[in-house]
Amino acid sequence: MNNKKKMMHALPVSAYTSQEWFDIEMEHIFSKTWQFAGLVEDVENAGDYISVQAGLNNIFIVKGRDNRLRAFHNMCRHRGTQLLRAVGKGKKAITCPYHDWTYDLEGKLVSVPKKEEEFPNLCNKELHECDLNLHEASVDIFKGMLFVHPEKNAPNIMDFFGEVTPFLGPHIPEELIEYSDKKEEPFYTKEIKSNWKIVVENYIDQYHLAHLHEGTLNMYDHAKAEFGWAGPHYWFWEPLVPEYLADVKNASQFPLIDKMSEDKIGAYVPWLFPNIGITESENAWNTFHVTPLAPDRTLVVIRSKTMNVSEWEYTKQYTKSMASKVWRTLGNKGKYEGDASDPMASGNFMEEDIYACEQQQKSLNSPMFSIGAQAQRGEFAIQKFQSVVKEWIERHSD
């Protein structure tokens, strides 16, 4: 079978398997969009920094002595060595580990070892006025999240996210606190053996919720889900099932988000193009960040925030939750019987999703692979997402 004729609805199968497609996406999608970098509290004080890969570019955000956030391409102007590691606190200056060229927190070159001896004609004026300052990128804040754009004069972030904003949850992330049940690894991190678009398509697939997750996400009423598109972004909301809603104040594992009205309590699960999901539920707010590593490998990092209340309040809520009769019939039941090491018997919806994504990726190289049908309502978002990917590449590759 000719691989060019094998389609994943709007995209060829090669878009999920080939290095050529992967390289095109890195250049024309991830290097030309606002990319999630972290949360506002990650860069809280002067000298704090984080770095992120944005397509072909490694970019870092640093807070200056004037408390202003700035973004720069993470490379020394001397030989291109990366300057900073992933995250750090309290930097007074930025020094290249290779030859000790040094920049201030505003990105200006301030020191070159043996300048007069080795570079007598370099920057005859003051160093900070020469053209070897760090390359600037853009940084902005949206819903308590830090985003970077490789371009110095990037499009306004609200022009990019503005259309989807009315469909997001009422949560105020800045008022919540980060939660983790792991002391050594505060974030959930997982490398998935599938293309990044398969991970996204699974996230926005409404049809699979009542089937793959029949025993793990059955506290939500999937049949009453509302969803659609706003610009290049997907929005989604579904209510709680009546049984859970009736006892949610007791049954919720964490204290309830106090900004939610009773008539709209449920799960807001948007996908912001190209690679950041937000899960905004009755008791938590999460980021679901997807980073493509290779045509068949994707890194997922999840960060969670909950209500800013005392540990005693958390203990009381958890105790009430464990006593609730709701969980006798809802949640934490695997699709299949078996050992908990089997993702389909684990009672963990993330393990179920990962299994499904990896099994689909395995089939893409088969000469027998094809898409047999598409659910008109539950899977329409998949073809729409593929069309957005295709149109974005075509529009930005000229």
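- For T17 against P295, the heavy-atom pair with the smallest separation is O-CB, 3.5 Å.
- Within the 3.5 Å criterion, the main-chain N or O of G331 finds a donor-acceptor partner in the side chain of N218.
- Taking every heavy atom of both residues into account, D296 and Q361 meet most closely at CB-NE2, 3.8 Å.
- With sequence neighbours excluded, the residues satisfying side-chain hydrogen bond (donor to acceptor under 3.5 Å, both in side chains) with E191 are R297.
- Between the side chain of Q53 and the main chain of G55, a donor-acceptor pair closer than 3.5 Å is present.
- Side-chain N or O atoms of S252 include none that pairs as donor or acceptor with a backbone N or O of V248 at under 3.5 Å.
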Start with the C-alpha distance between H213 and E352, add both sets of side-chain angles, then the distance that settles side chain to side chain donor-acceptor pair (under 3.5 Å), and finish with yes or no.
CA-CA 7 Å; H213 304 309; E352 293 170 341; 2.7 Å; yes
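- Listed for the W392 side chain is no donor-acceptor partner under 3.5 Å among the backbone atoms of F273.
- For Q376, the CD atom is loosely surrounded, since the number of other residues' heavy atoms within 6.0 Å does not exceed 12.
- Applying the ring-ring contact (aromatic ring centres under 6.0 Å, His included) rule to H289 yields the partners F36; only residues at least two apart in sequence or on another chain are considered.
- Residues V52 and V300 are members of separate hydrophobic clusters, defined by side-chain heavy-atom contacts under 4.5 angstrom among Ile, Leu, Val, Met, Phe, Trp and Tyr.
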Criterion side-chain contact (heavy atoms from CB on, under 4.5 Å) on W235 and L168, from CA distance to verdict
CA-CA 7 Å; W235 61 268; L168 304 183; 5.9 Å; no
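- The closest donor-acceptor contact from the side chain of N57 to the backbone of A54 lies under 3.5 Å.
- Side-chain atoms of E238 never come within 3.5 Å of backbone atoms of E226 as a donor-acceptor pair (strictly under, hydrogens ignored).
- The CG atom of L84 lies 12.5 Å from the CE atom of M75; values are rounded to the nearest 0.5 Å.
- Between P173 and K143, the shortest heavy-atom distance links the atoms CG-O, 3.2 Å.
- Under the 4.5 Å side-chain criterion, counting only non-hydrogen atoms from C-beta, I354 is in contact with E358.
- The pair D42-R303 meets the salt-bridge criterion, with a side-chain N (NZ, NE, NH1 or NH2) lying under 4.0 Å from an Asp/Glu carboxylate O.
- Heavy atoms only, all atoms of each residue included: N275 and V290 are closest at ND2-O, 2.7 Å.
- Within the structure, salt bridge (Lys or Arg N to Asp or Glu O under 4.0 Å) contacts touching residues 323-338 (residues at least two apart or in different chains) are E214-K335.
- Here the rule is side-chain contact (heavy atoms from CB on, under 4.5 Å) with L134, and of V62, L109, D104, L83 only L83 fits it.
- For S324 (side chain) and K320 (main-chain N/O), no donor-acceptor pair under 3.5 Å exists by modelled atom type.
- Residues L176 and N308 are not in side-chain contact: their nearest non-hydrogen atoms beyond the backbone lie 4.5 Å or more apart.
- For the ring-ring contact (aromatic ring centres under 6.0 Å, His included) test, no residue two or more places apart in sequence or in another chain qualifies with Y220.
- Look at D48 and K89 and you find a salt bridge, because one of the NZ, NE, NH1 or NH2 atoms lies within 4.0 Å of a carboxylate O, short of that distance.
- In this structure, F385 and W196 have perpendicular ring planes: the angle between them is above 60°, well past the 30° mark.
- In the hydrophobic clustering, M322 connects to Y318, either directly or through intervening members, whenever side-chain heavy atoms lie under 4.5 Å apart.
- Listed for the S111 side chain is no donor-acceptor partner under 3.5 Å among the backbone atoms of W101.
- With hydrogens and angles ignored, the 3.5 Å screen pairs no side-chain donor or acceptor of Y203 with any backbone N or O of I198.
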Full working for ring-ring contact (aromatic ring centres under 6.0 Å, His included) between W271 and F236
CA-CA 8 Å; W271 188 265; F236 178 100; over 10 Å; no
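- A salt bridge links E175 and K259; the closest N-O separation between the charged side-chain nitrogens and carboxylate oxygens is under 4.0 Å.
- S321 contributes a side-chain N or O that, together with a main-chain N or O of A251, makes up a donor-acceptor pair within less than 3.5 Å.
- Within 6.0 Å of atom CD in E151, more than 12 heavy atoms from other residues, nucleotides or ligands are found, so the atom counts as buried in its surroundings.
- Scanning all heavy atoms of the two residues, the minimum distance from N283 to T306 falls at O-CG2, 3.6 Å.
- A donor atom on one side chain and an acceptor atom on the other are not found under 3.5 Å apart for H28 and H396.
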For side chain to side chain donor-acceptor pair (under 3.5 Å), just list the numbers for Q35 and T33, CA-CA rounded to whole Å, side-chain angles, deciding distance to a tenth of an Å, and then say yes or no.
CA-CA 6 Å; Q35 290 290 300; T33 49; 3.0 Å; yes
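- Taking 4.0 Å as the cut-off between side-chain N and carboxylate O, E106 and R65 count as a salt-bridged pair.
- Summarising the geometry of S31 relative to P150, their closest heavy-atom pair is O-CG, 3.4 Å, with the distance given to 0.1 Å.
- For the pair K197 and Y16, the cation-pi test (distance below 6.0 Å, angle within 45°) is passed.
- Between N74 and S51, the side chains place no donor N or O within less than 3.5 Å of an acceptor N or O (distance only, hydrogens not considered).
- Of the options F160, F167, F227, a ring pair (Phe, Tyr, Trp, His ring centres under 6.0 Å) to H233 is made by F160 and by none of the others.
- Tracing side-chain contacts under 4.5 Å through hydrophobic residues (I, L, V, M, F, W, Y), one reaches I24 starting from M8; they form part of the same cluster.
- Between E311 and K316 there is no salt bridge, since no side-chain nitrogen of the basic residue lies less than 4.0 Å from a carboxylate oxygen of the acidic one.
- D247 and N250 share a donor-acceptor pair across their side chains, judged by distance under 3.5 Å alone.
- Other residues sharing a hydrophobic cluster with Y98 under the 4.5 Å side-chain heavy-atom criterion for ILVMFWY residues do not exist; the residue is a singleton.
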